[in-house]
Amino acid sequence: MDKQSKILNRRFYNRETLKVAQEMLGCFLVRKVKNKIIRAMITDVEAYVGEDDLACHASKGRTSRTEIMYGPAGHLYVYFVYGMHFIMNIVTEKKEFPAAVMIRGIKIDDVGYQKTNGPAKACKFLQIDKKLDGWDMTQGEKLWIERGVKIPKNKIKTGKRIGIDYAGHCTHYLWRFYIS
DNA sequence: ACGATGATGAAC
DNA sequence: TTCATCATCGTA
């Protein structure tokens, strides 16, 4: 089983975001920087789906910041918030339909069994910043996701997305998925 | 409960 | 060009 075959490809990401989000749980986010590899299991995600989702940055339409979400699936969307934090998302669904999965929590198996909760902490740990905005996650360089362990449906919890109180009726959508 | 701290988008 | 807001986190 070669490495390439484990890497999630564009077909995986180019599907309904809620499905992609749940299937990303248990997969391994792999970061390579200066020949060091960090491998982290994805444990907590949120879906942001289309212009009608008032919590999605694309609800304001196509801007320079959201442009990447309108492109092909499998690319990274990194943005900067609160003057100090980076947040990472993987673009999903077909070209021209803006959607993405945000990575909220990871668990690191390699070094000392650490885990992070919170999207900014995950970015900090994996050294992901604006320089990786738009990165193609399907090429197996610098940053990619590998097929991981299958999480049974009864181990997947749903919840409201965090920090989107401004999003009107969309606030209540159960579009956060995490491993219990 | 709140302040840090700067990009972003909307208003003007 | 200004202004309010923000998919957060650490300290209290």
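These numbers come from the heavy atoms of this one structure, side chains and all, not from hydrogens, waters or symmetry mates. All values derive from a computational prediction rather than experimental measurement.
- Side-chain contact check for A:Asp133 versus A:Ile68: some heavy-atom pair is nearer than 4.5 Å.
- Taking the six-membered ring where the residue is Trp, A:Tyr173 and A:His169 present perpendicular rings, their angle passing 60° and hence far from 30°.
- Nearer the 5' end of DNA chain B, as judged by each residue's closest nucleotide, is the contact made by A:Met84, out of A:Met84 and A:Lys130.
- As a whole-Å value, the separation of A:His85 NE2 from B:dT5 C1' is 9 Å.
- Proximity of A:Arg104 to the phosphate of C:dT8: a side-chain N or O atom is located under 4.0 Å from OP1 or OP2.
- As rounded to whole Å, 13 Å separates atom P of C:dC6 from atom OH of A:Tyr48.
- Side chains of A:Glu51 and A:Ser59: a donor-acceptor N/O pair is absent below 3.5 angstrom, by distance only.
- For A:Arg65, a side-chain nitrogen or oxygen approaches OP1 or OP2 of B:dG9 to under 4.0 Å.
- The nearest whole Å value for the distance from the CD1 atom in A:Ile164 to the P atom in C:dT8 is 9 Å.
- One atom, CD1 of A:Ile162, and another, P of C:dT8, lie 8 Å apart when rounded to the nearest Å.
- Note on A:Lys124: every side-chain N or O is 4.0 Å or more away from OP1 and OP2 of C:dT8.
- Judged by the 6.0 Å and 45° rule, A:Arg11 forms no cation-pi pair with A:Tyr13.
- Distances were taken from every side-chain heavy atom of A:Lys121 (C-beta onward) to each of C:dA7, C:dG10, B:dG6; the shortest belongs to C:dG10.
- Put simply, CD1 on A:Ile103 is 15 Å from P on C:dT8, counting in whole angstrom units.
- Protein atom OH of A:Tyr166 is 14 Å distant from nucleotide atom C1' of C:dA4, rounded to whole Å.
- Heavy atoms of A:Ala55 sit under 4.0 angstrom from at least one base atom.
- To the nearest angstrom, P of C:dA7 lies 11 Å from CG of A:Asp165.
- With both pairing distances under 3.5 Å, C:dA7 is matched to nothing as a Watson-Crick or G-U wobble pair.
- In this structure, A:Arg62 places its CZ atom 17 Å from C1' of B:dG9, rounding to the nearest Å.
- Using a 4.0 Å heavy-atom cutoff across all strands shown, A:Tyr82 reaches at least one base atom of the nucleic acid.
- Along DNA chain B, the nucleotide nearest to A:Gly83 and the one nearest to A:Ser64 differ in position, and the one closer to the 5' end is contacted by A:Gly83.
- Residue A:His57 places no side-chain N or O under 4.0 Å from the OP1 or OP2 atom of B:dT8.
- Between A:Tyr79 and A:His57, the ring centre distance stays below 6.0 Å.
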